[in-house]
Amino acid sequence: MTPDSLRWVKSSYSNNGGQCIEWAPEHAAAAGEVLVRDSKTPTGPHLTLSVGVWAELVDFAKSQG
């Protein structure tokens with residue numbers, strides 16, 4: 001599966017003026033890695049994170065409000 005063919009989901013914090021990320025949950029479940037991209041540049045590059053690093057990033061974002 002290519003990043004272009006995936007279903008991307010916006011962050012639940014996307015009401016912050018357009019500065020948000022998207023991730024591909026089905027890919028994460030199937031591959032055990034989390035793809036993350038900038039929602040403003042959907043055809044641009046993406047990050048590939050381990051599930052553990054993704055969890056740490058989410059925890060950090062929640063702690064920052």
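Heads up: numbering here begins at 1 and tracks the sequence. Note that the coordinates shown come from a computational prediction; the quantities given were computed from them, not determined experimentally. All values below come from the heavy atoms of this structure, side chains included, with hydrogens, waters and symmetry mates left out.
A continuous path of ILVMFWY side-chain contacts below 4.5 Å connects Val53 to Val9, so both sit in one hydrophobic cluster. With hydrophobic clusters built from ILVMFWY side chains whose heavy atoms lie under 4.5 angstrom apart, Trp8 does not share a cluster with Val36.
Between atom CD of residue Glu33 and atom CG of residue Leu47 there is a gap of 11.5 Å, rounded to the nearest 0.5 Å. Taken from CG in Leu57 to NZ in Lys62, the straight-line distance is 11.0 Å, to the nearest 0.5 Å. Atom CD of Glu22 sits about 11.0 Å away from atom CG of Leu6, to the nearest 0.5 Å. For the atom pair Ser50 OG and Glu56 CD, the distance stands at 7.5 Å (nearest 0.5 Å). To the nearest 0.5 Å, the span separating CG on Leu35 from CH2 on Trp54 amounts to 10.0 Å.
Smallest separation of non-hydrogen atoms from Ala28 and Trp23: CB-CZ3, 4.1 Å. Between Cys20 and Lys10, the shortest heavy-atom contact is SG-CD, 4.4 Å.
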